[in-house]
Amino acid sequence: MLFNKEQIITQRLHDELFDRKKLSLDILRLDKIHPVVSGNKLFKLHYFLEEAQKKPGKPIITFGGAYSNHLAATAFACQQLGIPCKGIVRGEKRALLSHTLQNCLQWGMELQFISRQSYAEKDTDHFKNSLNTGFDDCITIPEGGYDTRGAAGAALIMNYIDKKATHICAAIGTATTLAGISAAADTTQKTIGIPVLKGMTDIEDRVHFLNSNSDTPRIESLNGYHFGGYAKYNNDLIDFMNKLYLGHGLPTDFVYTAKMMYAVFDLIKKDYFPPGSKIVCIHTGGLQGNLSLPANTLTF
Ligand SMILES: *Cc1c(COP(=O)(O)O)cnc(C)c1O
């Protein structure tokens, strides 16, 4: 069994605010699947892994930075399934590897470090030839699973969401998770994404590509909650995370899920969601990322 789907639960949050606004807020806890591996990543990998299992011995090759949840998930999944795998890491090798990369090595992923400049050209044929890894014999997964197959895997997350949900919310990195969810949601359900990067203006185009250019994507992305950009944070966000944990027993990561939850609380206060809404937020995991915060920043 690749990962334990039985561990996925839906957690209802209770708050006087939700009563006042006459709506409900549930969290789909994909973080429960594994303590280190982000839940949404395992879904995005689903069809790539299925392909690899049909072609025994064929390695998986993929890309990411030193803190990439995607690299960690790929390394873990490949170890579980006995698939050889290689990670191309952005930037020169540091003497002290990040927790993420240490995990990748423990799970048997071979790592190759390349300069940021070469990394920027990673999707060109020229680059692939220069790597000398026999790409033709590999299953290549784009960074973050950004691919139609990644989105198709993410669509499977909808199987765990209450059909009566009116709004489904998730953090946006590459938009692959949101694309999959929007494709699988029915037309009455709204899918809402919160970009965690500053100045993302191509989300609709991304979703369109990820869903094989089918119909206009039915998504709404709400800007203004990136806290200065990717992996940036301030005291406000940290306070919010600590309160969310103390008040609701909900741990979040500062890169993705905390920003998404902060946005949802703010939007509830601002009456974005009509009375009667049944909101489901997807906890996509990523908790291992909190290890990069200074000690004692968080109460959990
Ligand atoms: C990667 C990641 C996301 C973003 O998912 P995309 O499909 O790239 O948009 C959200 N949350 C966590 C915890 C992640 O690791």
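Quick caveat: nothing in here was measured; it's all calculated off a predicted structure. What you see below is based on every heavy atom in this structure, not just the backbone, and it leaves out hydrogens, waters and symmetry mates. Atoms within a ligand are numbered from 1 in the order they appear, just like the ligands themselves.
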As an exercise, state the distance from CG of L250 to OG1 of T257, rounded to the nearest 0.5 Å.
7.5 Å
Rounded to the nearest 0.5 Å, what's the gap from CD1 on I161 to CE on M158? Could you check?
5.0 Å
Should you measure from each heavy atom of [X], which atoms of ligand 1 turn up under 4.0 Å away?
X    : value
I172 : 9 (O)
K41  : 1 (C), 2 (C), 3 (C), 14 (C), 15 (O)
G286 : 13 (C)
S38  : 13 (C), 15 (O)
T284 : 10 (C), 11 (N), 12 (C), 13 (C)
G173 : 4 (C), 6 (P), 8 (O), 9 (O)

Below 3.5 angstrom, do we get any N/O pair linking [X] and ligand 1?
X    : answer
A175 : yes
D253 : no
T177 : yes

Give the ring-plane orientation class for [X] versus [Y], where under 30° counts as parallel, over 60° as perpendicular and anything between as tilted.
X    : Y    : value
F63  : Y119 : perpendicular
F76  : H34  : tilted
Y262 : F240 : perpendicular

Under the criterion side chain to side chain contact (heavy atoms under 4.5 Å, CB included), I'd like the reasoning laid out for H208 against N213: C-alpha separation, chi angles, the key distance, then a yes or no.
CA-CA 5 Å; H208 198 57; N213 305 322; 3.6 Å; yes
Counting heavy atoms only, name the option from G285, A154, A258 that's nearest to atom 13 (C) of ligand 1.
G285
Residue part near ligand 1, for N69, under 4.0 Å between non-hydrogen atoms
side chain
With heavy atoms and a 4.0 Å threshold, my read on which part of N40 contacts ligand 1 is side chain
Quick one: do the D26 and T10 side chains pair a donor with an acceptor below 3.5 Å?
no
Examine the side chains of S38 and N40 and answer whether a donor and an acceptor come within less than 3.5 Å of each other.
no
Check for a donor-acceptor pair, side chain of D253 on one end and backbone N or O of Y256 on the other, with a separation under 3.5 Å.
yes
Of all the heavy atoms in K44, does at least one lie under 4.0 Å from an atom in ligand 1?
yes
